[in-house]
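To start, the structure under review is shown below, and the notes come after it.
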Amino acid sequence: MTYPPLDITPIWERVNDDMIEIVDLFDDENINWSPTPERWNARGILLHCVIGRFGISGAVIQDAKPNPDILKEGQTKQGLKSRLRMSWDRLAEFVGSAQLLAAEYDVPYQDKTSKLSGHWLAFGLLEHDIHHRGELVGLLDLLGIEHAEPDSVERRLKELTV
Amino acid sequence: MTYPPLDITAHWSRLNDGLIRLVDHIPGDKLNWSPRPDLWNLRGILAHVATGRHTWMTRDVQDGETSPDVLRDVQMKDDLKRHLQASWERMLRFLSDPAKLATTYTSIHEPYSITGHWIAFHGLEHDIHHRADIFHYLALLGIEHPDVGTP
């Protein structure tokens, strides 16, 4: 079955704004905290989000742009925020192009390579962002740190009331 | 910047299938578990996903369908799975209709309005966010769970 396409990317962009704001809710100590030793801490989750975006852009979409040294540059909160912005800007070029979205890509996954459409890839990237923002919010909850509701529509409506 | 629309609803549908399968990973005696007293438990999160979908369809889209009393009816895991499926099917009727997606809705947001596409985004964001809650809780409980991504 086919469904109408969804005009949602401008709101997705706000998830990245949320993640950038969330960085500042952690201090330099608890950004390295995780509830159990085998779980990622907030810094690790944020680095993973940035690496995922750059990795897909370079290795799968093959946009021919160089990847920064994310692990080195993401060691400070300022560095993390800057890399979140930069990786979103790179992704925006992909999700902003109807031609790139309509193309098919080879995606390596668990010893196999599958062909996925750009739309499918975009869904995976969106899912990745929202999932890991949810994890960050979960860590904030466990630390007892107050945070805004992770709700992009509510966020937009609040902006309109200012 | 303007962006082309995304053809992703079929993938979202599979995400719902994964969410339903995730219920089976929760031990029956952990449905009421949460890591802190002030945080929702697993049953509450899953019921909230289903009620959230019904609320948007009733309150904002005003699709004319009746919302079931989900909170009263989720005693067993099978009840949760049934309500997740039924609420998804209701969302899908909305997501399948280009006219409803293109409509501007006001309802509780007056004087501001949001399009059906925004409502769709919110629904997807809500599903993924609360699925992350479930994964987070299962990990805290030391319970193995499937891969996070949607196949």
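Note that these values count all heavy atoms, side chains included, but never hydrogens, waters or copies made by symmetry.
Figure legend: B:R14 and A:W120 shown as a cation-pi pair, the cationic atom lying under 6.0 angstrom from the six-membered ring centre and within 45 degrees of its axis.
In this structure, chain A has a heavy atom under 4.5 Å from the side chain of B:L101, while its backbone stays farther away. Using a 4.5 Å cut-off between heavy atoms, A:L101 touches chain B through its side chain atoms alone. Interface residue A:A98: backbone and side-chain heavy atoms are both found under 4.5 Å from chain B. Using a 4.5 Å cut-off between heavy atoms, B:F135 touches chain A through its side chain atoms alone. Neither the backbone nor the side chain of A:S114 comes within contact range of chain B; no heavy atoms are under 4.5 Å apart. Using a 4.5 Å cut-off between heavy atoms, B:D97 touches chain A through its backbone atoms (N, CA, C, O) alone.
Summarising the local packing, CD of A:Q99 is surrounded by 12 or fewer heavy atoms from other residues, nucleotides or ligands at distances under 6.0 Å. Few gaps surround CD on A:Q75; more than 12 heavy atoms of other groups in view lie less than 6.0 Å from it. Enclosure of atom CD in B:Q75 by more than 12 non-hydrogen atoms of other residues, nucleotides or ligands within 6.0 angstrom is indicated.
Note on A:L80: it clusters hydrophobically with A:I145, by side-chain heavy-atom contacts below 4.5 Å among ILVMFWY residues. Two different hydrophobic clusters hold B:L46 and B:M76 under the rule that ILVMFWY side chains link at heavy-atom gaps under 4.5 Å. Both B:V74 and B:L39 belong to a single network of hydrophobic side chains, linked directly or stepwise wherever heavy atoms of I, L, V, M, F, W or Y lie under 4.5 Å apart. B:L71 is not connected to B:V23 by any chain of hydrophobic side-chain contacts under 4.5 Å among Ile, Leu, Val, Met, Phe, Trp and Tyr, and they are in different clusters. By the rule that hydrophobic residues join a cluster once side-chain heavy atoms approach within less than 4.5 Å of another member, B:V49 and B:W33 end up as members of one cluster.
To the nearest 0.5 Å, atoms OG1 (B:T9) and NE2 (A:H119) are separated by 11.5 Å. Within the model, atoms CG of B:L15 and NE2 of A:H131 stand 11.0 Å from one another, a figure rounded to the nearest 0.5 Å. Atoms CD1 and NE2, from A:I130 and B:H126 in turn, are 11.5 Å apart once rounded to the nearest 0.5 Å. With rounding to the nearest 0.5 angstrom, the CD atom of A:E149 is 7.0 Å from the NE2 atom of B:H129. To the nearest 0.5 Å, the span separating CG on B:L6 from CG on A:L125 amounts to 10.5 Å. Remark: B:R36 CZ to A:L143 CG distance equals 8.5 Å, nearest 0.5 Å.
The shortest distance between side-chain heavy atoms of A:R39 and B:L140 falls below 4.5 Å. Contact of the B:R131 side chain with the A:E127 side chain is registered, since non-hydrogen atoms from C-beta on lie closer than 4.5 Å. Contact annotation: the side chain of A:W12 never approaches that of B:L124 to less than 4.5 Å [non-hydrogen atoms, C-beta and beyond]. Looking at heavy atoms from C-beta onward, A:M1 lies in side-chain contact with B:S96 at the 4.5 angstrom threshold.
Here the shortest heavy-atom pairing between A:Y3 and B:A10 reads CD1-N, 3.9 Å. Summarising the geometry of B:P4 relative to A:S97, their closest heavy-atom pair is CG-C, 3.9 Å, with the distance given to 0.1 Å.
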Q: Kindly determine whether B:H136 and A:L142 satisfy side chain to side chain contact (heavy atoms under 4.5 Å, CB included), including the steps that lead there.
A: CA-CA 11 Å; B:H136 177 55; A:L142 290 179; 3.6 Å; yes
Q: Could you give me the CA-CA distance, side-chain angles and deciding distance for A:L126 and B:F121, then say whether side chain to side chain contact (heavy atoms under 4.5 Å, CB included) is met?
A: CA-CA 10 Å; A:L126 169 60; B:F121 182 86; 3.9 Å; yes
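Taking the six-membered ring where tryptophan is involved, the planes of A:F123 and B:H11 are tilted, since the angle between them lies from 30° to 60°.
For chain B, the option among A:V15, A:L139, A:T2, A:I8 with the highest count of heavy-atom pairs below 4.5 Å is A:I8.
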